[in-house]
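All remarks here apply to the structure that follows.
Bear in mind the structure is a predicted one, so any value in this text is a computation, not a measurement. Sequence lines set the chain letters: A, B, ... in the order given, protein chains first and strands last, and positions in each chain run from 1. Only heavy atoms go into these numbers, but all of them, side chains included; no hydrogens, no water, no symmetry mates.
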2 protein chains.
Amino acid sequence: MTVLSLPPLDLDAAGGVGEEDSPLRSVATAVAVLDCFADEAELGATRVATRLGIAKSTACRMLAALATGGLLERTGSGRYRLGLRLFEYGQLAVDRLMLRDVALPAMGELRELLRETIQLGVVVGTDVLYVERAEAATMNVRFRSEHRRNPAHSSSAGRVLAAADPALVTAILERGLQRYTPFTVVDPLRYRQILASTREQGYATAREEFEPGWSSIAAPITLTRGGRPHPVAALSVVAPTSRILGPRKPAVVQGVRRAAARVSADLERARS
Amino acid sequence: MTVLSLPPLDLDAAGGVGEEDSPLRSVATAVAVLDCFADEAELGATRVATRLGIAKSTACRMLAALATGGLLERTGSGRYRLGLRLFEYGQLAVDRLMLRDVALPAMGELRELLRETIQLGVVVGTDVLYVERAEAATMNVRFRSEHRRNPAHSSSAGRVLAAADPALVTAILERGLQRYTPFTVVDPLRYRQILASTREQGYATAREEFEPGWSSIAAPITLTRGGRPHPVAALSVVAPTSRILGPRKPAVVQGVRRAAARVSADLERARS
DNA sequence: GCCCGCGTTCCGGTGTGCGGAACGCTGCTG
DNA sequence: CAGCAGCGTTCCGCACACCGGAACGCGGGC
C-alpha cells in the first residue's frame, strides 16, 4: 500500500456546484445534492430543487436515495440532514492516509510540552485541511468547524507545504491572496520571499494573518520519494500571538520541528 | 432548528451492501461502491465490479463520477481511495448535531479531573458511534478507527442509551448478544437486569466486555422532549479496569455523571 | 518481449430517470 | 374555524442516459 500519495490538488473541487460534463448524470447530481448541505444544516426537496435548477420530483428522489444509502438522514419534519455514515467514511478517509495514527503520539507530547493547541494539516486544493487537533489543556470551544479549513496562503502550515510544491504556489497565486486581516500577506512577491525563507529555515510562521490575535508556527512532515524528502503534511502550533511569537518562539520552533521530524521518521518506517 | 432528533435507528443500515429496491438505481449502486471502501483502503474497477456483481465498465464509470465529485480520490496506480471531502462532510454531520461543541469543554475538564480518556457516543443502528474523544494526557495510539464504533450491548455507553429506549433494546436483542470476551454479557435476561439497574442508578458500567483489560463507565446526556428527559448521547470514561472499577470507581462515577448533567443542561440551553 | 491483468473507451438497445401535474398533509392566517 | 399556501411525495409517459459486452492501451511479472 502506498502511504499517503498526495492528491493532485483538484482545483475544480474548489469551485461551486457547477455543471459536470462527466458521465453518470444522476450520480453527479447526487453529489451536487450533498454539496448543498455544506452550507445549510437542513434542507427540503424544494430548496434543493431550486438551488440546483432541477425538478422538485428529481430532488425528492435524490434525497430519498441518499437517505436509504445512509449519506443523509431524515429530520422529523420531512427535511434532510447529513448522515453519520459520512462521519465514518470521513474518519476512514483520514485513517487511510496512515498519517494521523503515526502523528498522534507526537502531537500529544508536543501539546504537553508547549501547553498549546497542535494541528495536523494536509493540502486539499488551495486550502489546508486540519485532520487532527490536540487541544490545549482545556479543550477550547473556539476551534469549531469553521476553523477546520483555511486558505493555504494565510497559514503557516500552508507555507511549509507550498514551499516545496511549485504547482501549489501557482495555484494559490492564481486564486489570489485574499486579505483577512491587516497583517495578511497579499503581495505575491513578498509571499514568494516568505516561501524562500521558509525553505531555508525549515519552518514557517503566520502572524495574525487569518484571525486577529492568533498566530501559528508550522514545520513540515516529509516522506522521501524519489530520493528527496517531500512534504505531505504539516504540524502547526496555534496560539495567541504573544505566547508563541514572543520570547518563547525559539522553544516553540524547536519543539514543532522536532515533533515533525519524529513523525516523518515514524511515517517512513510505517511505509512497509 | 431541532437539536439532535435521534435518527430512528435504521436497522437495515447494519447489514451488508444488498440490493436496494429503491428508485435511482445508479445512485444506489454509487453508494454501494462507496461501501466497498469501508473494508479495503484501495480498490480498482475490477474488484468493485466483482464485489457488486456489476459490469466492469459500470464500476469504472461509478468510480470516475465519485472521484470528480470528490468523494473518492485517485491513487497513483489508477485505483481509488476515500476522498478527504468525506472527512469534511462527516465533520459537518457531527457539528450539525450541536452536540460536540457543547460537550467539548466538559469533556476536557473531565479528562483533566480523571486523567483518563473520555468518549462521546451516539447510537447508530445497534452500535455506539463515538463522535469525539478527549484522550488522556499522552494521546493514546491504541484508539484507532476500529475503536470508533462498537456494539451497543457490550459498552457502557450503549447501556445508558438502551436503558431508556425499548425499541433499541429489542433491536439489540434481535441482532443477538455476541460474545467478545469471557466477560461479555450474552444472556438476554441478565442484559435486561443490567439495563434495569442502569435505569435506577443513572449510570452504566462494562467490565472488560469488549476488549480484555479495558472497562468503561458511562452516563447519559439527556434532552427533555415531551416533558420527559430522553437520552440522546452518552459520556463514557474508558481505561484499564483497575483504574476505574477499583477504589476510584465512586469518584469516576460522580465525575462522569456531573459532566453529563452539565452537558445536558448546556444542550438544553442551546436549544434556542 | 511476451502475456496476462488492469483501467478505460466505444457502441447500441433498453430500461430508467427526468419533468410536469396531481395528491395529502401540515401549519399558518384571516 | 376554514381557507390557503407551501411543503414532501407520488404518478406517468417520453426520451435519453445508463448498462453490459467487446475492443483498446498500457503496465508489471514470471
Side-chain angles (χ1 to χ4, degrees), chain A residues 1-2 5 7-8 10 17-34 36-37 40-69 71-83 226, chain B residues 1-2 5 7-8 10 17 19-34 36-37 40-69 71-83 225-226:
Chain A
M1 173 191 309
T2 61
S5 61
D10 49 338
V17 173
E19 298 84 32
E20 316 288 337
D21 57 341
S22 68
L24 277 305
R25 164 183 285 264
S26 49
V27 175
T29 60
V31 173
V33 168
L34 265 190
C36 290
F37 288 86
E40 293 180 70
E42 293 187 4
L43 283 173
T46 305
R47 291 285 301 260
V48 171
T50 58
R51 279 188 59 159
L52 296 180
I54 59 180
K56 194 169 54 167
S57 59
T58 303
C60 187
R61 260 172 292 153
M62 289 287 172
L63 291 168
L66 290 171
T68 61
L71 304 190
L72 294 180
E73 288 171 0
R74 305 197 55 137
T75 121
S77 58
R79 290 203 294 222
Y80 294 86
R81 159 192 5 154
L82 291 176
Chain B
M1 171 191 309
T2 62
S5 63
D10 49 337
V17 173
E19 297 84 31
E20 315 288 337
D21 56 340
S22 69
L24 278 304
R25 166 182 283 264
S26 49
V27 175
T29 59
V31 174
V33 169
L34 265 190
C36 289
F37 288 87
E40 293 180 72
E42 293 186 4
L43 284 174
T46 304
R47 292 285 301 258
V48 171
T50 58
R51 279 188 58 157
L52 297 180
I54 58 179
K56 193 168 56 168
S57 59
T58 303
C60 187
R61 261 173 291 153
M62 289 287 171
L63 292 167
L66 291 171
T68 61
L71 304 190
L72 293 179
E73 287 171 0
R74 305 198 53 140
T75 123
S77 57
R79 289 203 294 224
Y80 294 86
R81 158 191 10 156
L82 291 176
R225 213 163 13 176

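Salt-bridge formation is not detected for the pair B/Glu42/B/Arg47: no Lys NZ or Arg NE/NH1/NH2 atom is positioned less than 4.0 Å from an Asp or Glu carboxylate oxygen. Under the 4.0 Å criterion applied to side-chain N and carboxylate O atoms, B/Glu40 and B/Arg51 are assigned as salt-bridge partners.
Listed here is the closest heavy atom pair of B/Val27 and A/Ala30: CG2-CB, 4.0 Å. The nearest pair of heavy atoms linking A/Ala67 to A/Tyr80 is CB-CE2, 3.8 Å.
Here the P atom of nucleotide C/dG5 and the CZ atom of B/Arg47 are 15 Å apart, to the nearest Å. Rounded to an integer number of Å, the gap from B/Leu72 CG to C/dG7 P is 13 Å. Atom CE in A/Met62 sits about 14 Å away from atom P in D/dT9, given to the nearest Å. Rounded to whole Å, atom P of C/dG19 lies 11 Å from atom CG of B/Leu24. Separating the CZ atom of B/Arg79 from the C1' atom of D/dG28 is a distance of 13 Å, rounded to the nearest angstrom. When the P atom of C/dT8 is taken as reference, atom CG of B/Leu43 falls 13 Å away, rounded to whole Å.
For the OP1/OP2 pair of D/dG8 and a distance below 4.0 Å, the side-chain nitrogens and oxygens of A/Thr46 include at least one atom meeting the criterion. A sub-4.0 Å separation between OP1 or OP2 of C/dC6 and a side-chain N or O of B/Tyr80 is absent. Phosphate proximity of C/dT14 to B/Arg25: absent, as no side-chain N or O sits under 4.0 Å from OP1 or OP2.
The residue among B/Lys56 and A/Gly44 whose nearest nucleotide of DNA chain D is located toward the 5' end is A/Gly44.
The side chain of A/Ala45 approaches D/dG8 more closely than any other nucleotide in the set D/dG20, D/dG8, C/dT9. The side chain of B/Arg61 lies closest to D/dC18 when the candidates are C/dT8, D/dC18, D/dT9. Minimum atom distance to the side chain of B/Ile54 is reached by D/dG20, of the listed D/dC19, C/dC18, D/dG20.
Nucleotide C/dG1 forms a pair with no other nucleotide shown, judged by Watson-Crick or G-U wobble geometry with both contacts under 3.5 Å. Remark: D/dC30 base-pairs with no nucleotide in the shown strands. Criterion, Watson-Crick or G-U wobble with two distances under 3.5 Å.
Here the side chain of A/Thr50 pairs a donor or acceptor atom with the backbone of A/Thr46 at under 3.5 angstrom.
Contact annotation for B/Ser57: base contact, defined as any heavy-atom pair under 4.0 Å involving a base atom. Using a 4.0 Å heavy-atom cutoff across all strands shown, A/Ser26 reaches sugar-phosphate atoms only and no base atom.
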